[in-house]
Amino acid sequence: MTTTEFRALPHDTAPNPHAPCDDDCGIRDVLDRLGDRWSVLLVVELTKGTRRFHELQHAVPGISQRMLSVTAKRLVRDGLVERTVHPTTPPQTDYRLTETGRSFSAAVTALADWSRTHKETVAASRERWDAEHPDEAR
């Protein structure tokens, strides 16, 4: 099903999630976001609740103010995060996951859980492979 065909469906008609599609079914956009280190870390932090900009910056080690701003804007644009600016001096900005962001966080949390569980196994496998293939390591 193409994007145009999907948009032409009546609003109460949902496409079959298991049906083949002509394009990449949107997976590239999702992988772009999942593959973005900062987005994943911000989503994980926001699963804990609403956070202010500076709280996010302190909670995500290594993220610059600029990268936090860019990443937060992308997540807001994607509909995963809601941004609220409070009319105070100085202005305070809160971020929280939307319903879509919470459903996305379930996938991210599963990935994080898998990573914690298999971290040592993956590291050991890499060490073995690197030792067996010294010319190809990294």
> Is there side-chain contact between Leu46 and Val81, with heavy atoms separated by less than 4.5 Å?
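Side chain of Leu46 against side chain of Val81, heavy atoms only: contact under 4.5 Å found.
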
> I need the Arg37 CZ to Thr71 OG1 distance, nearest 0.5 Å.
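Arg37 CZ to Thr71 OG1: 10.5 Å, rounded to 0.5 Å.
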
> Among all residues two or more places apart in sequence or in another chain, which pass the side chain to side chain donor-acceptor pair (under 3.5 Å) test with Arg52?
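Checked Arg52 against side chain to side chain donor-acceptor pair (under 3.5 Å); matches are Gln92, Asp94.
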
> Do you know the tightest heavy-atom contact between Tyr95 and Ala72?
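Where Tyr95 meets Ala72 most closely, the heavy atoms are CE2-CB, 3.7 Å.
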
> Given a cutoff of under 4.5 Å between side-chain heavy atoms of I, L, V, M, F, W and Y, with clusters grown through shared members, what are the other residues clustered with Val70?
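Members alongside Val70: none; it stands by itself.
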
> Identify, with sequence neighbours excluded, every residue that meets side chain to side chain contact (heavy atoms under 4.5 Å, CB included) alongside Gln65.
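Applying side chain to side chain contact (heavy atoms under 4.5 Å, CB included) to Gln65 gives Phe53, Gln57.
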
> Taking the side chain as C-beta and beyond, is there a heavy-atom pair between Leu75 and Leu42 under 4.5 Å?
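Touching, per the 4.5 Å side-chain cut-off.
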
> Quick one: do Leu56 and Leu68 satisfy side chain to side chain contact (heavy atoms under 4.5 Å, CB included)? Show the steps, please.
CA-CA 8 Å; Leu56 287 171; Leu68 174 56; 4.1 Å; yes

> Which residues pass the side chain to side chain donor-acceptor pair (under 3.5 Å) test with Arg126, not counting sequence neighbours?
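Residues passing side chain to side chain donor-acceptor pair (under 3.5 Å) with Arg126: none at all.
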
> Write out all pairs satisfying salt bridge (Lys or Arg N to Asp or Glu O under 4.0 Å) with one or both partners inside residues 98-111, taking only residues at least two apart or from two chains.
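Every candidate salt bridge (Lys or Arg N to Asp or Glu O under 4.0 Å) pair involving residues 98-111 fails, so no pair, neighbours aside, qualifies.
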
> Who are the side chain to side chain donor-acceptor pair (under 3.5 Å) partners of Lys48, not counting sequence neighbours?
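Once residues adjacent in sequence are excluded, the partners of Lys48 under the side chain to side chain donor-acceptor pair (under 3.5 Å) criterion are Glu45.
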
> Could you tell me whether a side-chain N or O of Thr98 sits under 3.5 Å from a main-chain N or O of Leu80, the two making a donor and an acceptor?
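Judged by distance alone, yes, a pair lies under 3.5 Å.
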
> Output every pair passing side-chain hydrogen bond (donor to acceptor under 3.5 Å, both in side chains) with a member in residues 105-115, not counting sequence neighbours, ordered by first then second residue.
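Counting only pairs at least two positions apart or across chains, the side-chain hydrogen bond (donor to acceptor under 3.5 Å, both in side chains) contacts touching residues 105-115 are Asp113-Arg116, Trp114-His118.
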
> Enter the distance from Leu97:CG to Arg51:CZ here, rounded to the nearest 0.5 Å.
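Between atom CG of Leu97 and atom CZ of Arg51 there are 10.0 Å.
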
> Going by the rule side chain to side chain contact (heavy atoms under 4.5 Å, CB included), which residues pair with Ser64 if we only count those two or more places apart in sequence or in a different chain?
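Listed in chain order: Arg66, Met67.
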
